[in-house]
2 protein chains.
Amino acid sequence: MDPHLLRTYVTVARLASFSEAARDLGYTQSAVSQHIAALETDLGLPLLTRRPVAPTPAGERLLEHAGALLLRLDAARADLGRFAAAPRATLGVAASPLALTPRTLAALPATGVTLRALPRERVPVAVATGEADAGLVDGVAAPSDPLRLPDVAPLAATGVTEEPLAVVLPAHHPLAARPGLRLDDLVDARWLDAPAAGIPLDRLRAVHGGPAGRGFRTALRYEGTDTRTLAALAAAGQGLALLPLSATDGVPGSAAVPLVAPRLVHRTELLLPAGAHGEPSGPVAEFARRLKSRHP
Amino acid sequence: MDPHLLRTYVTVARLASFSEAARDLGYTQSAVSQHIAALETDLGLPLLTRRPVAPTPAGERLLEHAGALLLRLDAARADLGRFAAAPRATLGVAASPLALTPRTLAALPATGVTLRALPRERVPVAVATGEADAGLVDGVAAPSDPLRLPDVAPLAATGVTEEPLAVVLPAHHPLAARPGLRLDDLVDARWLDAPAAGIPLDRLRAVHGGPAGRGFRTALRYEGTDTRTLAALAAAGQGLALLPLSATDGVPGSAAVPLVAPRLVHRTELLLPAGAHGEPSGPVAEFARRLKSRHP
DNA sequence: GGCGAGGATAAGCATCCGTGATGGAAGGAG
DNA sequence: CTCCTTCCATCACGGATGCTTATCCTCGCC
């Protein structure tokens with residue numbers, strides 16, 4: 001199970017074609033064919049159906065493993081590369097949209113910053129593979145609980161902010177006048193499904209757990225990343241949305257009611273490559289220090 | 001970064017010797033030397049000091065990555081091997097000591113079972129690499145929260161039992177008469193540090209989190225796996241121990257008081273290789289069904 | 001200062017890997 | 001139905017790779 005073979009395998013599976021994978025990888029079609037054959041004889045299993053080219057059940061399984069393996073391999077290379085590379089003057093930050101709160105934004109240095117918004121699950125990957133020097137992720141958790149992040153590589157996560165969650169609903173909604181809402185009050189409501197812009201509902205179910213959390217009924221699905229749009233959709237009565245309290249301000253026609261039960265908070269964490277062989281003078285360390293220092 | 005090279009690297013680092021690593025791997029010393037040289041030129045870094053042979057800081061880092069990588073590689077191979085292998089009639093179960101509750105033991109089939117007790121963190125590894133067909137792990141978590149397990153490979157975890165935690169202390173202890181204890185009541189107490197037999201204190205601190213959790217003062221450290229011995233040590237006044245309530249019975253001179261705050265439970269989970277290409281007739285599926293079915 | 005242990009280096013040879021050419025099967029157009 | 005195109009499998013070959021044997025070099029030790 002040479003990583004080389006695995007790489008061509010995932011490429012073939014992704015492109016559903018030996019020839020295109022060969023072009024993509026800079027090999028000949030013959031080489032790709034031999035790679036796949038080598039993998040299949042090594043494992044003693046057919047991994048792909050030909051014509052059409054598609055993974056077998058075993059091949060699907062291998063795809064999961066191979067993805068994680070190649071990721072970790074890249075992460076290791078990037079991590080070791082940090083030892084050799086000269087310290088850079090710029091700072092690349094990968095962040096999930098809702099992790100960009102006033103507080104995290106204020107901690108960014110004034111110059112030389114590249115900020116990249118990514119889906120939540122890709123932020124740890126970006127930090128691990130060195131695409132970004134630091135990461136900011138958000139998620140829901142019990143108070144002072146760390147987020148559950150996939151451990152693609154040894155990363156150091158430190159909490160940055162915690163703030164209440166709020167349900168966004170139309171201003172004229174009967175529940176809008178309440179001081180606080182319980183999730184149990186809303187089991188029959190229709191939710192906006194906005195995995196990129198809001199809190200993904202499945203994640204909420206996982207944290208909330210238990211029988212009360214089963215079955216969020218979803219109304220509209222919004223695939224963009226803009227929080228204002230999401231709040232506007234909620235204001236328009238398209239469904240309920242769950243957002244950190246600070247992100248609910250100033251959308252006309254909407255009301256935000258804090259979620260009081262279950263006790264959950266919106267948490268953002270700073271992600272750095274673990275080990276911290278960083279000299280304390282670089283822009284990364286500077287950023288981390290500013291984030292940690294002033295705890296209002 | 002060929003896995004082959006990584007494997008020899010970790011062997012050299014473990015044995016602190018090129019020649020012994022060569023013997024161990026069935027290579028010549030020359031080959032091992034070339035492997036290390038190849039790795040070092042590839043990464044552009046010295047990984048080992050010679051004479052004595054020891055990893056450099058970068059090498060330490062590589063060790064972490066390499067360990068995880070080789071583990072995942074073994075896991076992938078084992079997982080794919082399950083597709084080809086004939087279904088076996090025996091059942092290998094890896095379990096952490098405290099996961100062996102009456103309930104889990106009762107679910108074991110009558111014949112053909114190999115039960116292996118392992119440290120907590122090795123159970124997922126054993127399941128992933130196919131050393132065991134199923135795993136039972138225990139840990140502390142908030143009620144109905146899943147355990148935090150290292151994801152060495154895609155494993156399916158399902159909750160099996162949840163029960164209260166109890167503080168074990170001498171029967172004559174002033175707190176022994178209380179109906180329940182808060183962890184904050186015990187910040188000044190001395191604890192028994194028993195990572196294998198009891199609840200590891202650092203894990204508790206991680207779950208509990210927050211400022212109140214800092215600083216468990218440890219008294220005696222017990223490296224065995226026997227729960228009765230641990231309770232006996234607590235009865236003898238050597239320190240406090242934390243155990244699932246059901247494991248605290250019948251040790252003379254000891255008293256067990258349930259832990260009421262923070263709200264934590266002792267949870268055991270069943271670990272199976274994800275994907276579940278298992279035919280529903282094997283002993284593994286039978287075991288899983290018996291564990292899940294009767295929820296008293 | 002000599003010696004021994006252990007790692008580095010050199011040359012040789014088998015194996016492996018990727019290329020180019022060719023074969024063969026499936027699907028589509030007429 | 002047949003031809004043709006597309007695409008994967010197979011074969012033969014040349015260059016590169018990897019492991020071995022043999023030898024050298026360097027450090028540590030008495």
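In what follows, every chain begins at residue 1, and chains take the letters A, B, ... in the order their sequences are listed. Remember, predicted model here, so these are calculated numbers, not experimental data. Computed from heavy atoms alone, side chains included, the values below leave out hydrogens, waters and symmetry copies.
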Rounded to 10°, the angle between the first-five-pair and last-five-pair axes of the helix from dG1(C)-dC30(D) to dG30(C)-dC1(D) is 30°
Would you indicate whether the side-chain heavy atoms of I36(B) and L48(B) approach each other to under 4.5 Å?
-> yes
Sugar-phosphate, base or nothing in reach of V53(A), heavy atoms under 4.0 Å = sugar-phosphate
Is there a side-chain contact between L63(A) and Y9(A) (heavy atoms, below 4.5 Å)?
-> yes
Do any of residues 8-20 of chain B sit with a heavy atom less than 4.0 Å from DNA chain D, and if so which?
-> none
Taking all heavy atoms of A95(A) and all of V123(A), pick out the closest pair and write down the distance.
-> C-CG2, 3.8 Å
Using the closest heavy atom to pick a nucleotide of DNA chain C for each, name whichever of A37(B) or R23(B) lands nearer the 5' end.
-> R23(B)
Note: L155(A) and P273(A) closest approach over all heavy atoms is CD2-CA, 4.0 Å
Charged N to carboxylate O under 4.0 angstrom, R50(B) versus E40(B)?
-> yes
S19(B) meets the side chain to side chain contact (heavy atoms under 4.5 Å, CB included) criterion, sequence neighbours left out, with S17(B), R23(B), Q29(B)
Tell me yes or no: between the side chains of T11(B) and D24(B), is some donor less than 3.5 Å from an acceptor?
-> no
Using a distance-only test with no angle check, is there a side-chain donor-acceptor pair under 3.5 angstrom linking Q34(B) and S30(B)?
-> yes
Nucleotide dA16(D), atom P - distance to CG of D2(A) in whole Å | 19 Å
Just the endpoints, please: which first and last nucleotides of DNA chain C, 5' to 3', lie under 4.0 Å from a heavy atom of chain A?
-> dG18(C) to dA26(C)
Residues that P154(B) engages under side chain to side chain contact (heavy atoms under 4.5 Å, CB included), provided they are two or more places apart | R61(A), E64(A), H65(A), R72(B), A274(B)
Over all heavy atoms of both residues, which pair between A58(B) and L80(A) is shortest? Give the atoms and the distance, please.
-> O-CD1, 3.5 Å
Hey, mind stepping through D74(B) and R77(B) against side chain to side chain contact (heavy atoms under 4.5 Å, CB included) and telling me if it holds?
-> CA-CA 5 Å; D74(B) 287 350; R77(B) 173 153 254 122; 5.7 Å; no
Shortest non-hydrogen contact from L272(B) toward A288(B) = CD1-CB, 4.0 Å
How does protein reach along nucleotides 20-30 of chain D, written 5' to 3' as B (base within reach of a heavy atom under 4.0 Å), S (only sugar-phosphate), or - (no contact)?
-> BB----BBS--
